[in-house]
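First up is the structure itself, then whatever we jot down about it.
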Amino acid sequence: MPTPTTSADLPASDQTPVAVSIVVPVRNEADNIAPLIAEIAAALDGHWAYEIVYVNDGSTDATGERLSAIMAQRPNLRQLRHAVSSGQSAAVRSGVRAARGAIVATLDGDGQNDPAFLPNLIAAIESGNGRVGLAAGQRVGRKDTGFKKLQSRIANAVRGIILRDGTRDTGCGLKAFPREVFLAMPYFDGLHRFLPALVRREGLAIAYVDVVDRPRHSGVSNYGFFDRLWIGIMDLGGVWWLIRRKKPTPVVTEVTRTEVPDVTEVK
């Protein structure tokens with residue numbers, strides 16, 4: 001089991017040690033709350049000590065009330081609230097900062113990401129022994145419209161040519177990573193789309209896990225075409241610049257007292 005950590009950013013009221021934190025960003029997903037939480041529990045119960053951290057990104061429907069009702073039944077469910085909607089990247093970051101697990105896994109809150117694949121992603125991080133910085137879900141059999149799939153294909157192709165991150169699908173919400181690796185990344189809006197390139201920048205490996213896409217349980221997309229699919233030119237250029245400017249990380253050791261010669265007299 002990975003060593004649990006406690007967030008210094010937003011401490012939880014429940015201090016029961018956990019190994020894994022599941023972070024779910026949501027906005028106006030009231031009807032999808034209960035089914036998805038039940039599926040997460042079915043996938044993880046008996047495998048890890050875990051918590052589920054929902055980040056309510058300024059919802060205006062009954063999302064908050066549904067979460068509060070289930071929290072009374074599930075002590076390992078937490079809800080963070082953004083006063084106003086700040087976007088998916090901000091919601092993921094809020095969840096990771098508050099997470100208590102050394103390993104964090106994410107998935108979208110609309111039900112299209114199947115929680116049954118979470119164990120494979122988490123296991124890929126654990127078996128990496130510190131060498132794997134990201135386990136990335138790669139969707140097969142996508143259930144989006146043809147127009148959405150075309151946009152995604154173009155966006156992934158452009159990103160791949162410029163960043164050479166070796167990832168065919170960065171838009172899949174199913175991901176797992178060490179919490180400390182994510183928090184070491186430079187934060188910007190859209191960060192979640194560039195995680196493979198930034199993880200490779202740190203010299204860490206990526207594990208790829210094929211996952212089966214499915215239709216959302218209920219409702220419509222709340223983050224929109226541009227928020228989810230189009231790669232901002234400035235962001236793409238910025239990440240390219242970060243990769244180009246990366247310098248080798250120094251190997252640092254501390255000289256201990258036992259290594260210092262015994263000087264009995266100073267002249």
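Since the structure is predicted, the reported quantities are computational estimates derived from the model, not experimental observations. FYI, the numbering just counts along the sequence from 1.
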So, Arg66 side chain and Ile33 main chain: donor-acceptor pair closer than 3.5 Å or not? no
Face-on cation placement of Arg78 at Tyr54 ring, 6.0 Å and 45° thresholds: no
Any chance you could measure Ile52, atom CD1, to Ile22, atom CD1, to the nearest 0.5 Å? 7.5 Å
Salt bridge (charged side-chain N to carboxylate O under 4.0 Å, His left out) between Arg214 and Glu39, worked out: CA-CA 14 Å; Arg214 59 186 187 177; Glu39 288 184 315; 2.5 Å; yes
When every non-hydrogen atom of Asp57 is compared with those of Ser85, the smallest separation belongs to OD2-OG, 3.1 Å
Nearest heavy atoms of Arg179 and Val104, plus distance in Å: CB-CG2, 3.9 Å
Rounded at 0.5 Å granularity, tell me how far OH in Tyr208 sits from SG in Cys172. 12.5 Å
Under a 3.5 Å distance rule, please check whether Asn32 uses its side chain to pair with a backbone N or O of Gly111 as donor and acceptor. no
Would you say the side chain of Ile40 lies within less than 4.5 Å of the side chain of Leu107, judging by non-hydrogen atoms? yes
Is any side-chain heavy atom of Val18 less than 4.5 Å from a side-chain heavy atom of Tyr50? no
Which heavy atom of Ser94 sits nearest a heavy atom of Val55, and at what distance? CB-CG1, 4.3 Å
Side chains of Glu51 and Asn76 only: does a donor on one sit below 3.5 Å from an acceptor on the other? no
Would you say Val199 and Glu202 make side-chain contact, with heavy atoms under 4.5 Å? no
Side-chain donor or acceptor of Asn113 paired with backbone N/O of Asp108 under 3.5 Å: yes
Hey, could you give me the CD/OG1 distance between Gln88 and Thr106, rounded to the nearest 0.5 Å? 8.5 Å
Using 0.5 Å steps for rounding, measure from the CH2 atom of Trp48 to the CD1 atom of Ile103. 8.0 Å
Correct closest heavy-atom pair for Pro25 and Ala91 would be CB-CB, 3.6 Å
Show your reasoning for whether side chain to side chain contact (heavy atoms under 4.5 Å, CB included) applies to Gln79 and Arg81. CA-CA 7 Å; Gln79 178 184 181; Arg81 288 182 293 192; 3.6 Å; yes
CZ (Arg74) and CG (Leu67) are apart, to the nearest 0.5 Å, by 12.0 Å
Closest heavy-atom pair, Ala43 versus Pro119, reported as atoms and distance to 0.1 Å, is O-CG, 3.5 Å
Ile122/His47 under side chain to side chain contact (heavy atoms under 4.5 Å, CB included): CA gap, chis, key distance, verdict: CA-CA 10 Å; Ile122 296 165; His47 297 286; over 6 Å; no
Given the rule in the side chain to side chain contact (heavy atoms under 4.5 Å, CB included) test, do Val140 and Val211 qualify, once you have shown the distances and angles that lead to the verdict? CA-CA 6 Å; Val140 295; Val211 301; over 6 Å; no
Contact check, side chains of Arg139 and Leu174, non-hydrogen atoms, under 4.5 Å: no
So, do Val212 and Asp114 sit near enough that their side-chain heavy atoms are less than 4.5 Å apart? no
Is there a side-chain contact between Leu134 and Val181 (heavy atoms, below 4.5 Å)? no
Test side chain to side chain contact (heavy atoms under 4.5 Å, CB included) on Val209 and Gln138; report intermediate values, then the result. CA-CA 6 Å; Val209 177; Gln138 303 287 276; over 6 Å; no
Is it true that a side-chain atom of Ser86 and a backbone atom of Val84 form a donor plus acceptor pair closer than 3.5 Å? yes
Consider only side-chain N and O atoms of Asn56 and Thr63, and report whether a donor and an acceptor are under 3.5 Å apart. no
Specify the closest pair of heavy atoms between Pro115 and Leu36, including all atoms of both residues, with the distance to one decimal. CG-CD1, 3.6 Å
I want to check something: taking the side chain as every heavy atom from C-beta on, are Ser59 and Glu29 in contact at a cut-off of under 4.5 Å? no
When rounded to the nearest 0.5 Å, the distance separating CD of Glu180 from CE of Met185 is 11.0 Å
Check: Ile37 and Val24 side chains under 4.5 Å, non-hydrogen atoms: no
